[in-house]
Amino acid sequence: MTAVEPVATETGRDFIRDIIQADLASGRHTGVVTRFPPEPNGYLHIGHAKSICLNFGVAAEFGGRCHLRFDDTNPVKEEQEYIDSIERDVRWLGFDWGPHLYYASGYFEQLYDWAEHLIHAGKAYVDDQSQEEIRATRGTLTEPGTNSPFRDRSVDENLDLFRRMRAGEFPNGARVLRAKIDMASGNINLRDPVLYRILHAHHPRTGNAWCIYPSYDFAHGQSDAIEGITHSICTLEFEDHRPLYDWFIDNLPVPSRPRQYEFARLNITYTVLSKRVLTTLVRDKLVSGWDDPRMPTIAGLRRRGVPAEALREFAKRIGVAKANSVVDMGMFEFSVREVLNRTAERRMAVLRPLKVVIENYPEGQSEALEAVNHPDDPAAGTRTLTFGREIYVERDDFMENPTSKFYRLAVGREVRLRWAYFITCREVVKDAAGEVVELRCTYDPQTRGGNAPDGRKVKATIHWVSAADSVPAEVRVYNHLFKNAAPNPADFANEINPQSLEVLTGCRLEPALADVPVGQAVQFERQGYFCPDPDQRPGALVFNRTIGLRDTWAKVAAGG
RNA sequence: UGGGGGAUAGUUUAAUGGUAGAACAGCGGACUCUGACUCCGUUAGUCUAGGUUCGAAUCCUAGUCCCCCAGCCA
């Protein structure tokens, strides 16, 4: 077996990896160089994570490298904040570009020279038409466009005008540089595409050095060629840009011959992955920011408590193909639970407390009990819990008129308190409104630690916290940001799920939970995975629910 | 009515002319100091119609349906 073969079995096979393997086998390439090329005009989201895992993953598997390159050719939309967030997010995802951090803007001088090269070759011209005129003469999907009246200017005149464009002699929109290809092409990208436009704008990297900026098409392939990219992987909508990508490579003295390949972008149910929509959600304050835990952004998912490993796991699971698809949100949730179940320590927390008084437990007494931190990982050790006469249990773990399927607490029923004792509910205390406010129970001292010496069983084990020794907290429970499985991006403001954020106050946590670092995942037993939010302060704990545990009881309960 | 792509269980994918396989979801069961995890079982698929071939998801022909493109965005 060669070094490249075992990889496919480990990460799955897809058409991109097949192509690379074939290119290596045929000798077309001796190594692999890919790149992740974000435009710094927003935060990265889970769709980008798919691309990042593909580009960096493929490079690592085949012993190559992956560049991080900012596609910063449009200064009116780009900001340093986005550059910083993108670097942070890619790194957090677990990838390293080493010294290979690049910017399209770093190639502006070279790209400019190549533009003049095209002019000299009679393959580019300065067009004085307005934006409207250019649009009007481009033709339609079924009709060819018509040539610009400026299409046949002399090389000298084009050169003179283009240099004056660069010198700043003209206002925005006055002229553009266009490639001279074919106004009748069935592929609209080939109808004399714009190469440079005048933009008197401050650029985050180049400042005011330039007032003309290359278009995406004129910058991307050439940047790939400069960096020696072998496989330039992008999404499907760029498929019909490929002939133009190749046209530049064919007509310019570029140092290498990259090729573009396209795969289907990620879509997920109950989610919108459109930078335009995400930007608007943030701008209009429909969410608290780019890192709102309900957002599908890397920053949002991180704050929510989703581990980077789960994102990588998910990317691997969904694969890479050319067919448009929508991945079930459940697939993502499974990946998150899979990682968290393995890595998160267990603790107890009562989200909706119901007081329980153990009538036969001596007043003023308490005792220490030992609880294991992770059932499948003895190395995680144990911790001490304090048990006393008054505790809290979950309201949902008590039912006044229990159904036959319900086997938690009810009057006359015995259950196990996790790591503690068996208790039996004797009596219910209600307030004036008839609401249950307290349970009177008795415990069996023989069952200390959670097992009965006589071998009798209970049907349920429930979680609890000590009334005296627990700490208060706020818990934020998140649900889908959008109420429909396939939200309409055109009307997304009305698609937002009003229950996407549920704030629970007055929750009670076991004391150990006060020391969990922000962002660290922990399982609240029987409920889900949570992590402290950066909003929390000493004495004011705030936890985010990353995701609930799989809940088959909810199905049974719903089904009657 | 132009050009470029794509169709395999409910979903995401594999099979590269030789037994259509997996994961998620679903359903049933076992186990359990988490109604979790784990384990076992199970339902369910090649867009259609022809053709080539001993043999077709795969090759050919003709259709059908879906997606993308008319920014001086990327």
Side-chain angles (χ1 to χ4, degrees), chain A residues 12-14 18 37-39 41 71-74 76-78 127 129-131 134-136 138-145 172-178 184-191 193-199 212-213 215-217 219-220 234-243 262 264 269 275-276 317-335 337-338 341-342 346 348 371-372 375-376 405-408 415-420 422 449-451 457-463 523-528 548-557:
Chain A
R13 176 172 288 254
D14 54 66
D18 286 348
E39 184 191 10
N41 66 344
D71 222 331
D72 56 349
T73 56
N74 186 1
V76 302
K77 290 187 174 175
E78 296 153 8
D127 194 343
Q129 291 185 108
S130 68
Q131 189 162 179
I134 289 178
R135 185 182 307 130
R138 188 156 24 226
T140 67
L141 293 179
T142 54
E143 298 159 326
N172 288 357
R175 291 176 225 264
V176 291
L177 182 72
R178 291 228 256 171
S185 172
N187 182 342
I188 291 176
N189 293 302
L190 263 20
R191 317 238 265 228
V194 169
L195 271 32
Y196 270 91
R197 71 279 210 196
I198 300 171
L199 249 29
I212 57 171
Y213 291 91
S215 61
Y216 162 84
D217 288 302
H220 203 97
C234 63
T235 43
L236 254 27
E237 67 270 25
F238 292 100
E239 221 154 7
D240 46 18
H241 287 244
R242 182 156 24 99
E262 310 86 11
T269 55
K275 253 195 211 176
R276 196 199 106 246
R317 209 174 274 280
I318 58 176
V320 178
K322 292 202 70 158
N324 293 312
S325 60
V326 183
V327 176
D328 194 319
M329 175 63 95
M331 189 94 80
F332 175 66
E333 294 177 339
F334 178 85
S335 301
R337 290 193 186 100
E338 196 277 320
N341 175 53
R342 196 155 31 80
R346 266 106 261 219
M348 290 199 285
V372 326
D376 306 319
K405 299 264 183 62
F406 183 87
Y407 40 83
R408 278 113 91 160
V415 301
R416 174 191 293 113
L417 293 177
R418 184 100 158 129
W419 309 121
F422 285 12
N451 289 298
K457 303 285 187 192
V458 287
K459 291 184 81 173
T461 299
I462 65 174
H463 60 277
Q523 183 192 104
F524 289 0
E525 293 218 45
R526 302 208 308 130
Q527 308 202 86
L549 253 29
R550 193 161 158 271
D551 189 359
T552 46
W553 161 247
K555 269 182 240 170
V556 176

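Note on naming: letters A, B, ... go to the chains in the order of the sequence lines (proteins, then strands), and numbering restarts at 1 for each one. The structure displayed is predicted, hence computed values, not measured ones.
- Looking at residues two or more places apart in sequence or on another chain, you find a side-chain contact (heavy atoms from CB on, under 4.5 Å) between A:D551 and A:W553, A:A554.
- By the salt bridge (charged side-chain N to carboxylate O under 4.0 Å, His left out) test, A:R191 is found to be paired with no residue, residues two or more places apart in sequence or in another chain being considered.
- Under 4.0 angstrom from either OP1 or OP2 of B:rG35 there lies no side-chain N or O belonging to A:R408.
- The side-chain contact (heavy atoms from CB on, under 4.5 Å) test applied to A:N451 returns A:R416, not counting sequence neighbours.
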Atom pairs under 3.5 Å, N or O on each side, protein against nucleotides 26-30 of chain B: can you list them with distances?
{"residue": "B:rG26", "atom": "OP1", "partner": "A:K555", "partner atom": "NZ", "Å": "2.7"}

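- Across A:R337 and A:R550, no two heavy atoms sit closer than the pair NE-N, 3.6 Å.
- The side-chain contact (heavy atoms from CB on, under 4.5 Å) test applied to A:Q131 returns A:R135, not counting sequence neighbours.
- Consecutive Watson-Crick or G-U pairing (both distances under 3.5 Å) extending over three or more pairs maps onto RNA chain B as B:2-7 with B:64-69, B:10-13 with B:21-24, B:26-30 with B:38-42, B:47-51 with B:59-63.
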Please list, for nucleotides 42-45 of chain B, all pairs of protein and nucleotide N/O atoms separated by less than 3.5 Å.
none

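- Base contact: A:S130 has a heavy atom under 4.0 Å from a base atom.
- Remark: A:K322 engages A:E239 in a salt bridge, criterion side-chain N to carboxylate O under 4.0 Å.
- Listed by chain and number, the residues in a side-chain contact (heavy atoms from CB on, under 4.5 Å) with A:A184 are A:P144, A:D182 (sequence neighbours excluded).
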Close N/O contacts between protein and nucleotides 11-14 of chain B (under 3.5 Å):
{"residue": "B:rU11", "atom": "O3'", "partner": "A:V326", "partner atom": "O", "Å": "3.2"}
{"residue": "B:rU11", "atom": "O2'", "partner": "A:V326", "partner atom": "O", "Å": "3.3"}
{"residue": "B:rU12", "atom": "OP1", "partner": "A:V326", "partner atom": "N", "Å": "2.9"}
{"residue": "B:rU12", "atom": "OP1", "partner": "A:V326", "partner atom": "O", "Å": "3.4"}
{"residue": "B:rU12", "atom": "O3'", "partner": "A:S325", "partner atom": "OG", "Å": "3.3"}
{"residue": "B:rU12", "atom": "O2'", "partner": "A:I318", "partner atom": "O", "Å": "2.8"}
{"residue": "B:rU13", "atom": "OP1", "partner": "A:S325", "partner atom": "OG", "Å": "3.4"}
{"residue": "B:rU13", "atom": "O5'", "partner": "A:I318", "partner atom": "O", "Å": "3.4"}

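- Scored by the salt bridge (charged side-chain N to carboxylate O under 4.0 Å, His left out) test, A:E39 finds no partners at all (sequence neighbours excluded).
- Not counting sequence neighbours, A:H463 has no partner by the ring pair (Phe, Tyr, Trp, His ring centres under 6.0 Å) test.
- A:D72 pairs by the salt bridge (charged side-chain N to carboxylate O under 4.0 Å, His left out) definition with nothing, not counting sequence neighbours.
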